[in-house]
Structure formats: structure tokens, C-alpha cells
Amino acid sequence: MTDSPSNSPGGPVPETMRRVVRQSKFRHVFGQALKNDQCYDDIRVSRVTWDSSFCAVNTKFVAIIIEASGGGAYLVLPLQKTGRIDKSYPTVCGHTGPVLDIDWCPHNDNVIASGSEDCTVMVWQIPDGGLTLPLTEPVVVLEGHSKRVGIVTWHPTARNVLLSAGCDNVVIIWNVGTGEALITLDDMHYDMIFSVCWNRNGSLICTASKDKKLRVIDPRKMEIVAEKDKAHEGARPMRAIFLSDGNVFTTGFSRMSERQLALWNPKNMEEPIALHEMDTSNGVLLPFYDPDTNIIYLCGKGDSSIRYFEITDESPYVHYLSTFVSKEPQRGMGYMPKRGLDVNKCEIARFYKLHERKCEPIIMTVPRKSDLFQDDLYPDTAGPDAPIEAEDWFDGKNADPILISLKHGYMPTKNRDLNVVKKNILGSKPAAQKKSDSASTPKKAAEVSHPASDGKMDEVMKELRSMKDTIRSQGERIFKLEELIASLTNNDESEE
């Protein structure tokens with residue numbers, strides 16, 4: 001796996017050794033952390049024990065899961081709002097349990113999904129410019145899991161299709177536009193699901209599970225296409241992602257608790273294409289993949305480094321490039337989509353590293369002397385337009401991403417609002433709802449299975465609104481009390 005040139009005291013380098021110094025335009029990629037005034041400071045990053053990235057980024061906003069009393073919350077900050085973030089800055093705070101995972105919609109930069117310990121998935125619309133008041137009302141609540149929801153991930157090419165996976169070992173694929181659970185995979189995983197990833201056109205998903213199995217699944221046919229038992233033999237969490245050529249890249253642990261990475265061909269899972277051992281650290285390796293350059297960045301939770309590798313079709317297939325090293329360990333990591341990068345600076349990746357109390361952008365750059373657009377670094381990349389609608393995908397259609405050129409940079413456009421037209425909320429299609437009804441709380445199941453009269457419904461909605469108003473006012477009161485305590489503490493210190 002080494003990519004360093006061997007020392008040659010004199011004479012020509014033998015042909016067998018010359019191949020060690022592999023030619024690649026990414027050999028000299030270097031990382032640079034931005035200065036303090038370009039970081040997001042004084043953020044109480046979540047301490048929940050869950051191996052998600054805790055951060056999601058797009059061309060407009062950075063979202064960060066934070067510590068919150070009495071429920072779950074996350075910050076959504078406009079990218080330009082750097083510096084110290086006030087404690088009273090409004091949050092997205094509609095969940096009643098800690099938020100475990102967040103994901104921006106690839107087709108609408110103002111829409112974000114969140115999964116929580118409260119067993120729900122919520123989809124939110126963020127106004128341009130960010131929040132001015134706490135956001136407690138999601139556009140839609142998706143209820144169907146019976147245990148906490150640890151994974152949410154949007155379909156790469158179909159509008160309004162969202163996948164969620166919970167600790168009930170169930171994968172649900174939702175049509176967010178109608179609020180319906182249209183595909184439920186509840187008999188494929190026998191233990192906790194660690195990761196789920198769509199392939200390039202969204203026709204397949206790959207999953208990594210606590211039962212040490214790597215699965216490739218066709219969700220619409222509800223069948224397992226390929227499966228590998230003990231892809232990594234260690235007990236600690238695995239991660240699996242699809243590459244653009246259809247192969248699957250995994251990270252995991254050996255039986256001796258060494259961290260590993262591997263490359264698999266779903267058409268033949270007997271042996272990996274490549275398997276490399278890294279080190280003996282115990283942090284889960286989170287992979288971030290750039291399909292345009294075929295570079296994978298590995299960020300270990302608790303590590304203070306980012307390693308990056310190039311995937312090619314030449315042995316050893318996974319080529320080590322370099323490592324970005326910093327002093328502070330990372331609690332989580334956000335990864336900017338390609339269209340959010342500065343092409344004038346030859347920036348090929350940007351990370352948002354979570355510390356205990358701040359978020360620090362890290363820029364990866366390829367050194368080039370020319371100021372011209374470097375088309376070899378920036379092939380056309382996936383744009384924000386969805387090639388197909390949710391209904392098309394559920395009917396069996398597939399589509400590759402619609403590509404855009406970054407030659408003149410990317411300007412975010414105004415996105416249309418997410419409109420949800422609920423079709424089967426009050427029993428119009430009871431059969432389709434049955435699955436999620438049984439997974440909901442008994443009270444909710446009773447309300448749905450016995451549609452109430454209009455008067456009763458008004459009464460319930462009135463009570464719900466009243467409770468939400470109470471929660472909102474209590475939240476504001478808590479903020480004021482915290483500020484009062486802080487000012488009293490400062491006064492005491494100055495008197496001393």
C-alpha cells in the first residue's frame with residue numbers, strides 16, 4: 001500500500017521498482033485548515049454515542065448536531081456565518097430525542113432530513129439566509145420505525161425519495177412528497193445496520209451490519225443481489241460505500257482489532273479485489289468518496305488525521321496518496337459536494353471538522369501554477385437537478401445524475417419549496433399504512449385506525465399546538481436563564 005519512492009544510491013532504477021513511484025496528478029494534494037476567524041466557534045457538538053458524521057454541508061449551509069436539553073437539536077448556519085456562534089442562536093429542535101443523523105437533499109439546498117432516537121424521521125425546509133427563530137415544525141414527519149433511527153440518506157437521482165434505517169434492523173424508503181413509506185425491508189438484516197449507501201443511479205443499495213455481513217440489495221425487487229459474510233472479521237462497526245464503477249469499498253476491523261479497508265466486486269464476493277490493514281486505532285473509519293476523481297478520504301472518529309487514497313483499475317487498486325495531520329481529534333466530519341468548491345484555487349475537497357467546541361473547515365488543494373480552469377481536475381459533476389420524480393423511480397425507472405460543468409463556478413439558485421401532499425394519513429389507504437401503524441406508539445395507532453370526527457380532530461390539533469407553544473416558550477425561557485447565569489458568573493469573577 002505504500003506509495004513512497006525507494007532510495008536509490010546510484011544507477012538507473014529497476015523497472016520493478018519504478019512502478020512504486022506511481023504517476024498521479026493527486027500525489028501532491030495537500031490539506032490546509034482555515035484560520036480561526038473562518039471557523040464556527042463556541043458550538044456544543046453532540047456527545048451522543050453514535051458513529052455518524054454529526055455534520056452535513058451543502059453550497060448554502062453547514063448543519064451540526066449539538067447537545068440539547070429536553071430533546072434533540074441541530075444548528076443550521078449559512079456558510080458565511082463564521083466566528084463565534086451565540087448560545088441563543090436558533091436551532092432546528094422538533095425532535096423529542098437526540099438527533100443521530102442528518103442529510104441535505106441533493107436536489108434542494110434548503111431541505112434537510114434528520115433521524116432521531118425518538119424513532120422518527122423529519123424533513124425540514126430551511127429559509128434562505130438561515131433561521132431567525134427556533135424551527136419546531138417540520139414539513140413532514142415520517143413514522144414507521146419502532147426503534148431509534150440512526151441513518152438517513154437521500155436518493156441520488158430521484159426527487160423526494162429518502163431512505164432511513166433504524167435500530168429495529170429495518171430499512172424504509174419513503175416518498176417524501178406524499179409522506180408514504182413505499183418500501184419496507186424488514187426481513188434482510190438480523191442485527192444493527194451500521195451503514196447504507198445508494199449506488200450512482202440509485203438502483204441498488206449496499207449495507208453493512210453488526211452481523212458482519214456486507215449486502216448489496218435491489219430495494220424495489222426486495223431481494224439481496226450479493227452478500228459477503230465476515231467482510232471484516234472484527235466486531236467493531238463496518239462502513240460500506242458504492243463507487244461509480246459499481247464496486248463496493250468497505251472499512252472495518254480485523255479479528256485482532258486492526259483497522260482495514262477493502263474493495264469488492266458485487267458480481268464475485270468470494271475474495272476482495274484488495275484488502276489493506278491500516279493501524280490499531282479503535283475509531284470507526286468514515287469514508288468520503290469523490291466519484292469525479294475516484295479519491296476516497298478516510299476520517300477516523302477520534303483521529304486527528306485524514307488519509308486519502310486513489311482507486312484505479314491497476315494493482316493494488318487502492319493507492320495511498322497522503323495524510324493530512326492536525327493536532328486535535330475529530331468528533332465528526334462534514335463533506336462539501338463538488339459544486340460548492342472554489343475551482344479557481346484548484347480545491348478538490350473541503351471538509352468541516354468537528355472539534356469539541358467548534359467546526360473547522362479544511363481545504364484540499366492540488367498545486368497548479370496556471371490560473372486557468374483545470375478541466376482534468378473538474379470533469380462534469382452531479383448537479384442539483386433531479387432527472388426523475390419519485391413516482392418514476394418507484395415504477396422501476398433509473399437515471400444517472402444530470403451533470404453540470406464547473407468551468408465558470410457554481411451559483412446556487414433559488415429552490416422551490418418542498419410541498420407534501422399526504423395521501424393516506426386518515427385511513428384513505430389503510431392497507432398501505434398498516435406496517436407503520438404497528439410500529440408507532442399505541443396511542444397514535446389507535447388514532448389512525450379509528451378516524452375521528454372533525455370536532456375530535458380539531459380538539460386534538462388544538463391541544464398539540466398548545467403543547468408545542470408551551471415547549472417553544474420554555475425553550476426561550478431556558479435561553480434567557482442561561483444568559484442570566486453567564487452574566488452573573490462574569491460579574492462575580494470581575495468583583496473577585
Side-chain angles (χ1 to χ4, degrees), residues 46 48 50 52-66 68 71-77 91-127 130-131 135-145 147-168 170-184 193 195-198 202 205 219 332 334-335 337 384 386 389-390 393-394 415-422 436:
S46 175
V48 69
W50 187 253
S52 75
S53 60
F54 288 174
C55 182
V57 194
N58 67 15
T59 60
K60 291 183 181 179
F61 303 103
V62 54
I64 302 163
I65 303 174
I66 58 168
Y74 58 96
L75 276 172
V76 175
L77 303 170
T91 61
V92 181
C93 51
H95 283 287
T96 56
V99 177
L100 300 179
D101 197 21
I102 48 179
D103 193 34
W104 286 105
C105 175
H107 309 123
N108 188 329
D109 286 341
N110 296 70
V111 171
I112 187 169
S114 55
S116 165
E117 277 194 12
D118 65 11
C119 307
T120 68
V121 176
M122 294 185 181
V123 179
W124 310 82
Q125 180 104 27
I126 309 296
L131 301 178
L135 187 58
T136 58
E137 294 284 340
V139 179
V140 64
V141 181
L142 305 173
E143 295 177 299
H145 288 283
K147 291 187 179 177
R148 59 185 179 165
V149 182
I151 297 167
V152 288
T153 178
W154 292 91
H155 192 285
T157 58
R159 192 191 316 278
N160 290 345
V161 175
L162 178 67
L163 179 150
S164 63
C167 292
D168 50 7
V170 174
V171 173
I172 300 178
I173 301 177
W174 309 84
N175 182 343
V176 175
T178 61
E180 294 174 286
L182 292 185
I183 295 173
T184 301
I193 301 165
S195 78
V196 183
C197 179
W198 295 96
I205 58 173
Y335 180 61
E389 300 296 323
W393 185 79
F394 286 111
N415 294 112
R416 66 187 191 185
D417 286 352
L418 170 62
N419 293 317
V420 177
V421 182
K422 294 192 175 181
S436 59

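Between I112 and F61, the closest side-chain pair of non-hydrogen atoms is not below 4.5 Å. Counting heavy atoms from C-beta on, the side chains of C167 and W50 come closer than 4.5 Å. Side-chain contact between V161 and I173 is present, with at least one heavy-atom pair separated by less than 4.5 Å. Two residues are said to be in side-chain contact when any heavy atoms from C-beta on lie closer than 4.5 Å; V48 and E117 meet this criterion. Put simply, the side chain of L135 reaches to within 4.5 Å of the side chain of I126, judged on heavy atoms.
Closest approach of V170 to H145, counting heavy atoms only: O-CE1, 3.2 Å. Here the closest heavy-atom approach between residue D118 and residue G97 is recorded as CB-N, 3.7 Å.
When atom types are taken as modelled, the side chain of D103 and the backbone of W154 share a donor-acceptor pair closer than 3.5 angstrom. Without hydrogens or angle criteria, T136 side chain to G94 main chain gives no donor-acceptor distance under 3.5 Å.
The distance from atom OG of S53 to atom CD1 of I64, rounded to the nearest 0.5 Å, is 11.0 Å.
Scored by the ring pair (Phe, Tyr, Trp, His ring centres under 6.0 Å) test, W198 finds H155, W393 as partners (sequence neighbours excluded). Under the side-chain hydrogen bond (donor to acceptor under 3.5 Å, both in side chains) criterion, S114 pairs with H95, W124, sequence neighbours left out.
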